[in-house]
There are 2 protein chains.
Amino acid sequence: MSVDVLPSPTVATACCAPLVRQPLSAEEAADLSRVLKAIADPARLRLLSLVAAHAGGEACVCDLTEPLGLSQPTVSHHLKVLVDAGLLSREKRGVWAYFGLVPGALDAVANVLSTTGAPAGAADGQPSFC
Amino acid sequence: MSVDVLPSPTVATACCAPLVRQPLSAEEAADLSRVLKAIADPARLRLLSLVAAHAGGEACVCDLTEPLGLSQPTVSHHLKVLVDAGLLSREKRGVWAYFGLVPGALDAVANVLSTTGAPAGAADGQPSFC
DNA sequence: CGACGACATTGACCTCAGTCGATGGCTGGG
DNA sequence: CCCAGCCATCGACTGAGGTCAATGTCGTCG
């Protein structure tokens, strides 16, 4: 296989970009579009909301296949996309794999899109990104 | 064909949805993904930032083809996608067509993604959406 | 009124992304 | 020690989307 597990939290590079203040470069636009493409899918949007609304803030694959009406490989694929984009975290406990929201990741994307600089206490306290 | 030109300002239906509070329905996710798919493209992201940063907050097609390095039909196509998504407004004055940001549209999307309810003064005063 | 320029539309090509069935790896239980 | 269940990966199919050349439409100017 050619590609290996490059860490690349793509959301990090797209952070703190005003978007409406000055023209984006081709690189910045490509980075930001990568994260947005990960979110711009109905199945993945529902996955994000399902995980976030689940008890404890995390859910396993078996909890997600039914509400989405998709096959298990498809759900696993979408979860991998979200994890690679830096939006979800994956933790394997025993047989089950638990997925949870990465704190501040969605807020970082929201900050980029917002015409105002930064929401009051949204991505606040996330120095790993900004 | 089945689908016709429904006006559908898709951003309106996707407004005010917490996303992390309760699971999205298939309909809500489809609506929201439509708007996000419009933004999740490097060329369109650069178009948004170019228009926003342009003098007067509006720009015509001839101002946008060069910085993007894309052909005129392609730029026109991307602009149409953004207009259909409710993110850009199009006003034809004489021979030129001027495009400008729809106020509050990007902030509405940012609100949906943000884990906190609403940024302080972002989409504030946009009763057409919320 | 004829030519030019700005923009939109069409048609076609090509690449990529979403989906599923089948299979493999791994862990826990009998 | 073997079996059962959860999850990831693979391969293939299909549809959607980005891009451009060519063409059409409309307003402007000489």
Side-chain angles (χ1 to χ4, degrees), chain A residues 1-5 10 26 29-30 32-48 50-51 54 58-85 88-100, chain B residues 1-5 10 26 29-30 32-48 50-51 54 58-85 88-100:
Chain A
M1 43 197 75
S2 54
V3 290
D4 49 344
V5 281
T10 45
L32 181 53
S33 71
R34 259 187 286 272
V35 186
L36 286 172
K37 276 179 188 294
I39 320 181
D41 184 273
R44 290 196 281 267
L45 282 173
R46 299 189 69 189
L47 279 176
L48 285 175
L50 280 170
V51 167
H54 205 262
E58 54 183 13
C60 59
V61 181
C62 55
D63 295 329
L64 302 170
T65 44
E66 298 183 39
L68 256 71
L70 294 176
S71 69
Q72 176 265 321
T74 303
V75 173
S76 199
H77 162 68
H78 285 308
L79 288 171
K80 177 179 173 53
V81 172
L82 289 172
V83 169
D84 289 346
L88 282 186
S89 61
R90 177 181 174 276
E91 182 193 357
K92 185 145 194 179
R93 287 203 301 267
V95 187
W96 292 274
Y98 289 90
F99 293 85
Chain B
M1 283 318 193
S2 53
V3 290
D4 48 345
V5 280
T10 45
L32 180 53
S33 71
R34 260 185 286 272
V35 187
L36 287 172
K37 276 179 188 293
I39 319 179
D41 183 272
R44 291 196 282 269
L45 282 172
R46 298 188 70 189
L47 279 176
L48 286 176
L50 279 172
V51 167
H54 204 263
E58 54 183 13
C60 59
V61 181
C62 55
D63 295 330
L64 303 170
T65 44
E66 297 183 38
L68 256 71
L70 295 176
S71 69
Q72 176 264 323
T74 303
V75 173
S76 199
H77 162 67
H78 284 310
L79 287 171
K80 178 179 172 55
V81 172
L82 290 172
V83 169
D84 289 346
L88 281 186
S89 62
R90 177 181 175 275
E91 182 194 358
K92 185 144 195 179
R93 287 202 300 267
V95 186
W96 293 275
Y98 288 91
F99 293 84

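Lettering of chains follows the sequences in order, A, B, ..., and the numbering in each one begins at 1.
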By the 4.0 Å heavy-atom rule, please label B:Phe99 as base, sugar-phosphate, or nothing.
sugar-phosphate
Review item, side-chain donor-acceptor pairs of residues 88-98 of chain B, under 3.5 Å, at least two apart:
residue	atom	partner	partner atom	Å
B:Ser89	OG	B:Gly100	O	3.2
B:Glu91	OE1	B:Arg93	NH1	3.1
B:Glu91	OE2	B:Arg93	NH1	3.4
B:Arg93	NH2	B:Glu58	OE2	3.0

Non-neighbouring partners of A:Ser33 that pass side-chain contact (heavy atoms from CB on, under 4.5 Å), sequence neighbours left out:
B:Pro42, B:Leu45
Tell me the closest heavy-atom pair linking A:Ala59 and A:Leu64, and the distance in Å.
CB-CD2, 4.1 Å
Could you tell me the separation between the CG atom of A:Leu79 and the P atom of D:dA8, rounded to a whole number of Å?
7 Å
What string of B, S and - do you get for nucleotides 17-30 of chain C, 5' to 3', if B is base contact, S is sugar-phosphate-only contact and - is no contact with any protein heavy atom under 4.0 Å?
-SBBBB----SS--
Provide the full list of side chain to side chain donor-acceptor pair (under 3.5 Å) pairs with a residue in residues 37-48 of chain B, sequence neighbours left out, each pair given once.
B:Arg44-B:His78
Distance in angstrom units between B:Asp84 CG and C:dA8 P, rounded
12 Å
Distance test, side-chain N/O of A:Ser76 to OP1/OP2 of D:dC7, below 4.0 Å:
no
After noting the C-alpha distance and the side-chain angles of A:Asp63 and A:Leu50, does the key distance pass the side-chain contact (heavy atoms from CB on, under 4.5 Å) rule?
CA-CA 9 Å; A:Asp63 295 329; A:Leu50 280 170; over 6 Å; no
Residues within residues 60-68 of chain B bordering DNA chain D, heavy-atom distance below 4.0 Å:
none
Return the value, rounded to whole Å, for the distance between atom CG of B:Leu88 and atom P of C:dC7.
14 Å
Measuring to OP1 and OP2 of D:dA8, would you say a side-chain N or O of A:Arg90 lies under 4.0 angstrom away?
yes
Restricting to side-chain hydrogen bond (donor to acceptor under 3.5 Å, both in side chains), what partner residues turn up for A:Ser71, sequence neighbours left out?
A:Thr74
Roughly, in whole Å, what's the span from NZ in B:Lys80 to P in D:dT19?
17 Å
I need the A:Leu48 CG to B:Leu32 CG distance, nearest 0.5 Å.
10.0 Å
If every non-hydrogen atom of A:Phe99 is compared with every non-hydrogen atom of A:Val61, which pair is closest and at what distance?
CE1-CG2, 3.8 Å
